[in-house]
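The block underneath contains the structure these notes are about, expressed in structure tokens.
Predicted, not measured: the structure shown is a model, and the values here were computed from it. Only heavy atoms go into these numbers, but all of them, side chains included; no hydrogens, no water, no symmetry mates.
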Amino acid sequence: DAKYQADLEEGISLRKSGSRDDLSRSIAKFKSALKIRPESAEAYYWISLAYSDQNNYLRAADNAKDATIYDERFAGAWLLWGQVLLYQKNWDEALAKLETAARLEPDNPVTQFNLGRVHYHGFNNPDTALSKFRSVWQQSQALRRDDPSAADLLVQARLYMGFCEFDRGRWDNAINAFRDVLAEQGNHYEAALRLAMSYRNLGRVPEAERILQSMLRVIPPDNPANLRMIGEVNLQLADLYLKDPNLRNKMFALAHLRGFLDLASEGHTMYEAAQQ
């Protein structure tokens, strides 16, 4: 029993570092613990988490399933299994597992958040998703005082609330949500982009333009995700200027369209290099 506990604790410590080598070592430690207790739902759970960290979702799902076999009331294992299935876009199964987790642990905001994501991404149901995200947002505001991780969940829930309101055409509600996200994380580029688009949809074009131009000044072109965002901002500005009656703005539109195309080409080159 002492060896089992020591292996688990060492595996957990190795997993926290997040490095590829330490993740592999953590899995070895969890499997060592499993040899001592072959029916340990806890060991299967940690193995699943580590595989999920490696983006090995097939093995993560298999081990989360085994955890629920040995402890069918292990809410965390059902949550992890559902989350892994969400990553695999297996929406029906993800929903079933997350609903089981919610029945076992109704007040877990992470479960409710993932249920919201399944309804939003998998079933195109912003109304149901919004109710989940709103519940998580309200819970997280109270929890953040004692749990720092709740602050990130609060931001993510509020961001998705903005997405839902945006999709429903409720621009004022979307603006409020995206502004709340930016108040918490000033460099949240997705929230800034959606805020600009919401202003534009309300006809508040100068405010949208200011945000988009500001984004081009502050986003560092240092990784593929940022390059994609810079390209999207250029595309939004090009479209904004093309639809402006001021002929002078057509030149700006062409400049931003060229910026988008140049970045698209650069991003493709970076992607090819990463594959080699």
Side-chain angles (χ1 to χ4, degrees), residues 45 48-49 52-53 55 57 60-61 64-65 67-68 73-185 188-195 197-198 201 225 229 232:
Y45 171 80
S48 177
L49 265 179
S52 181
D53 291 339
N55 300 327
Y57 298 132
K65 177 182 177 180
T68 66
R73 298 196 60 77
F74 192 164
W78 287 103
L79 165 58
L80 179 56
W81 191 5
Q83 186 169 282
V84 168
L85 290 166
L86 184 159
Y87 295 152
Q88 294 177 299
K89 299 183 180 180
N90 186 343
W91 308 116
D92 290 318
E93 288 298 316
L95 181 63
K97 276 45 177 184
L98 290 168
E99 285 180 338
T100 299
R103 284 195 296 272
L104 293 169
E105 201 173 59
D107 296 328
N108 187 330
V110 178
T111 301
Q112 296 302 318
F113 177 72
N114 281 300
L115 279 168
R117 287 204 292 174
V118 169
H119 283 291
Y120 182 78
H121 292 295
F123 298 104
N124 192 28
N125 187 344
D127 293 326
T128 300
L130 181 60
S131 68
K132 301 292 184 186
F133 296 132
R134 184 179 288 119
S135 171
V136 173
W137 181 55
Q138 291 167 346
Q139 275 185 278
S140 298
Q141 289 184 88
L143 291 172
R144 67 186 301 185
R145 287 188 290 271
D146 303 313
D147 182 3
S149 66
D152 185 60
L153 190 59
L154 181 148
V155 169
Q156 291 300 311
R158 193 66 173 133
L159 179 69
Y160 268 100
M161 287 174 68
F163 291 162
C164 293
E165 298 288 19
F166 186 95
D167 291 352
R168 301 195 311 175
R170 297 185 177 183
W171 312 122
D172 286 321
N173 289 348
I175 286 168
N176 289 336
F178 296 134
R179 290 179 65 179
D180 284 346
V181 171
L182 290 166
E184 295 283 340
Q185 296 181 4
H188 200 299
Y189 304 135
E190 182 65 30
L193 176 65
R194 290 295 191 107
L195 177 61
M197 293 168 69
S198 300
N201 287 330
M229 180 57 69
E232 179 63 30

Looking at [atom1] of [X] and [atom2] of [Y], how far apart are the two atoms once the value is rounded to the nearest 0.5 Å?
X	Y	atom1	atom2	answer
Asp167	Asn125	CG	CG	11.0 Å
Glu165	Asp172	CD	CG	10.0 Å
Leu153	Gln112	CG	CD	11.0 Å
Leu130	Arg168	CG	CZ	5.0 Å
His119	Thr128	NE2	OG1	5.5 Å
Tyr57	Asn55	OH	CG	3.5 Å

Trp78 and Leu80: CA distance, side-chain angles, deciding distance, side-chain contact (heavy atoms from CB on, under 4.5 Å) verdict: CA-CA 5 Å; Trp78 287 103; Leu80 179 56; over 6 Å; no
Is there side-chain contact between [X] and [Y], with heavy atoms separated by less than 4.5 Å?
X	Y	answer
Gln88	Leu85	yes
Tyr160	Val136	no
Glu93	Val118	no

Trace of the side-chain hydrogen bond (donor to acceptor under 3.5 Å, both in side chains) decision for Thr100 with Arg103: CA-CA 5 Å; Thr100 299; Arg103 284 195 296 272; 3.1 Å; yes
From CA spacing to verdict: side-chain contact (heavy atoms from CB on, under 4.5 Å), Ser140, Phe113: CA-CA 11 Å; Ser140 298; Phe113 177 72; over 6 Å; no
Arg73, CZ atom: more than 12 neighbouring heavy atoms under 6.0 Å: no
Flag if over 12 foreign heavy atoms under 6.0 Å of CG, Asn124: no
Step-by-step side-chain contact (heavy atoms from CB on, under 4.5 Å) determination, Phe123 to Asp92: CA-CA 9 Å; Phe123 298 104; Asp92 290 318; 3.4 Å; yes
[X] to [Y] - nearest heavy-atom pair and separation:
X	Y	answer
Val181	Leu159	CG2-N, 3.6 Å
Ala94	Gly82	CB-O, 3.5 Å
Ala77	Ala64	O-CB, 4.0 Å
Ser52	Val84	OG-CG2, 4.1 Å
Glu232	Leu193	CG-CD2, 3.5 Å
Ala75	Glu105	CB-CB, 3.8 Å

Within the 6.0 Å centroid threshold, strictly below: Phe163 and His121: no
Any donor-acceptor N/O pair, Ser198 side chain to Arg194 backbone, under 3.5 Å: yes
Asn114 backbone acceptor or donor facing Gln83 side chain under 3.5 Å: no
Parallel, tilted or perpendicular: rings of Tyr120 and Phe133 (30°, 60°): perpendicular
Results of ring pair (Phe, Tyr, Trp, His ring centres under 6.0 Å) for Trp171 - residues two or more places apart only: Phe166
Intermediate values then yes/no, side-chain contact (heavy atoms from CB on, under 4.5 Å), Asp180 and Glu184: CA-CA 7 Å; Asp180 284 346; Glu184 295 283 340; over 6 Å; no
